A.B. asks: 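The structure's right below; bear with me while I get my questions together.
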Number of protein chains: 2
Amino acid sequence: MQKKYLTIYHDLVKNIQTNVWPTASMLPSEKELTITYDTSRETIRKALNLLAQNGYIQKIRGKGSIVIDRKKLSFPVSGITSFKELANNLQLDTKTSVVNLEYITATDQVRSLLEVEEQEDAWKVCRVRTIDGVRVILDKDYFVGEIVPKLPANICEESIYEYIEGEIGLTIGFAQKEIIVEEPTEEDKVFLDLEGFSNVVVIKSLIYLEDARLFQYTESRHRPDRFRFVDFARRIK
Amino acid sequence: MQKKYLTIYHDLVKNIQTNVWPTASMLPSEKELTITYDTSRETIRKALNLLAQNGYIQKIRGKGSIVIDRKKLSFPVSGITSFKELANNLQLDTKTSVVNLEYITATDQVRSLLEVEEQEDAWKVCRVRTIDGVRVILDKDYFVGEIVPKLPANICEESIYEYIEGEIGLTIGFAQKEIIVEEPTEEDKVFLDLEGFSNVVVIKSLIYLEDARLFQYTESRHRPDRFRFVDFARRIK
DNA sequence: TTGCATAACTTGTATATACATGTTATACTT
DNA sequence: AAGTATAACATGTATATACAAGTTATGCAA
């Protein structure tokens, strides 16, 4: 059975995105929505809570749900989105070149990052992202060898995520990210068009599967003028 | 009546933080928790879903809830946290100096940021944050005058948030944030100890009340070496 | 011993009901 | 006309039940 509350959620998102309910307008009440979608109130509430979590609406007790303006700071880059999805959304002229792809026996440094045992193997992929002909992002990915046994070279030029979720059948669960600013390494200077920039923005991500197993560590190194991160945050209860 | 699911949520968080259930261990099953807390399963599930949202646990169907290691990238700075709360958590030697505090008739620029009508008034606060004797953060806050009628100078040296949520009785609902890197302005150069850094990290935040009214715009300008942002993200369904 | 079906767990989805609590418009009272 | 009580409606919390679906241990059969 298709999950009703997810179907409703996506339908509501579509309605907001196509301005059926414009910014600052009110959604139909929960009771009305139960009639529209022929379902129970709790199911509607699950869908609405997803909308609230993802910054589409604000629920106000006694009044209803009001549509939030997401374009104010433009689209959220937050969440777990791959470079390819992002580029497609923005319709940028982008290219990905694989600088390096190797199956390594994890060094101490990699072992501590991926938390694998001694003598464990891992994939190391190094890629350069080019936007409008300028090399602006250097991605260094490490995958746990036990979880990702094969990583064909041609896949790396495309979307590794599509391969991992589609071909291998793994499902990503969550990610922990850290954003800091560093001085460029020699590697950064070689592979990026830094043009005098004396800093790079580094996003370090630990990516976990649905069963909470760590399977990837990534360092995404950006030229500072092409970096941008948008976030939506709710007050912690 | 105290909200049961929130009480349970905070109790579970405390148990995780005090290592009653260490990283990678399993929480008691939902059924066991209903007995422990003498409540229904749905109430337990509400609390557990909050834990999952905030990166404390990963729920795995058929198995149970596993505790996530949050210290891997250390605590999340994400969410809506004030400088004061942050400094207290980290036990840093910090100081806040008010550079400027004025009640202004909104200029075009401020009006578009705060989305207020023509001739509306707003508070403009400019503060420098000093950590270990070094001026590393420049905060520029704008508050909608209609919502925050008074803003005593002594409050600005302390926590404006405590004042707004405590004294005025407003409740913050959510925030939209954007992180980018800019070249330092003349103002940055005057008020920050940039020591040759040629970039500043800028966090622009639009902060909304519980009823979705925009009431604050903030630019937090950081010296890049003292900037750090940690995020927890779940896969979008 | 090995393999497999099954039972006994786990969490996920959908529904229903009751009442609490906040908001707003209505109608009544002063 | 102004203020106030009230009714109608909104969302929030708590509980119960039923079944779906994934995981694991048990025990039987080959």
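Letters A, B, ... are given to chains in the order of the sequence lines, protein chains preceding strands, and every chain is numbered from 1. Note that this is a predicted model, so its numbers are computed, not measured.
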A.B. asks: Roughly how many Å is it from CG in L33(A) to P in dC9(D), rounded to a whole number?
C.D. replies: 16 Å
A.B. asks: How close or far is atom P of dG22(C) from atom CG of D211(B), stated in whole angstroms?
C.D. replies: 15 Å
A.B. asks: Looking at every heavy atom in both L101(A) and A153(A), which two are closest together, and how far apart are they?
C.D. replies: CD2-CA, 3.6 Å
A.B. asks: Tell me which residues in residues 7-15 of chain A put a heavy atom below 4.0 Å from DNA chain C, sorted by number, or none.
C.D. replies: none
A.B. asks: If only atom types and distance count, is the side chain of R45(B) paired as donor or acceptor with the main-chain N or O of E30(B) below 3.5 Å?
C.D. replies: no
A.B. asks: Could you run down the sub-3.5 Å N/O contacts of the protein with nucleotides 7-11 of chain C?
C.D. replies:
unit_1	atom_1	unit_2	atom_2	d
dT10(C)	OP1	S29(B)	OG	3.0
dT11(C)	OP1	E30(B)	N	3.4
dT11(C)	OP2	E30(B)	N	3.0
dT11(C)	O4'	G62(B)	N	3.3

A.B. asks: Between dT15(D) atom C1' and D38(B) atom CG, what is the distance in whole Å?
C.D. replies: 12 Å
A.B. asks: So, the side chain of R70(A) versus the backbone of N54(A): is there a donor-acceptor pair under 3.5 Å, distance only?
C.D. replies: yes
A.B. asks: May I ask you to check whether over 12 heavy atoms, not counting those of E146(B), lie within 6.0 Å of atom CD?
C.D. replies: no
A.B. asks: Between P on dT15(D) and NZ on K46(B), what's the gap in Å once rounded to a whole number?
C.D. replies: 10 Å
A.B. asks: Going by side chain to side chain contact (heavy atoms under 4.5 Å, CB included), L214(A) matches just one of I207(A), L209(A), L206(A). Which one?
C.D. replies: L206(A)
A.B. asks: Heavy-atom count check: over 12 atoms from other residues, nucleotides or ligands less than 6.0 Å from N154(B) CG?
C.D. replies: yes
A.B. asks: So if I apply the side chain to side chain contact (heavy atoms under 4.5 Å, CB included) rule between W21(B) and each of I66(B), N15(B), I57(B), which one comes out positive?
C.D. replies: N15(B)
A.B. asks: Using only side-chain N and O atoms of K4(B), determine if any of them is under 4.0 Å from OP1 or OP2 of dA14(D).
C.D. replies: no
A.B. asks: Whole angstroms only, please: what is the CD1-C1' distance between I57(A) and dG12(D)?
C.D. replies: 14 Å
A.B. asks: Is the count of non-hydrogen atoms from other residues, nucleotides or ligands lying under 6.0 Å from N19(A) atom CG greater than 12?
C.D. replies: yes
A.B. asks: Does dT13(C) have its OP1 or OP2 closer than 4.0 Å to a side-chain nitrogen or oxygen of T43(A)?
C.D. replies: no
A.B. asks: For the residue pair F143(B) and F215(B), does the interplanar ring angle fall in the parallel (under 30°), tilted (30 to 60°) or perpendicular (over 60°) class?
C.D. replies: tilted
A.B. asks: Looking at Y5(B), does any N or O in its side chain come under 4.0 Å of the phosphate oxygens OP1/OP2 on dA14(D)?
C.D. replies: no
A.B. asks: I44(A) CD1 to dA10(D) P: how many Å, rounded?
C.D. replies: 13 Å
A.B. asks: Using whole Å, report how far NZ of K3(B) lies from P of dG12(D).
C.D. replies: 9 Å
A.B. asks: In whole angstroms, how far is the P atom of dA18(C) from the CD atom of E42(A)?
C.D. replies: 15 Å
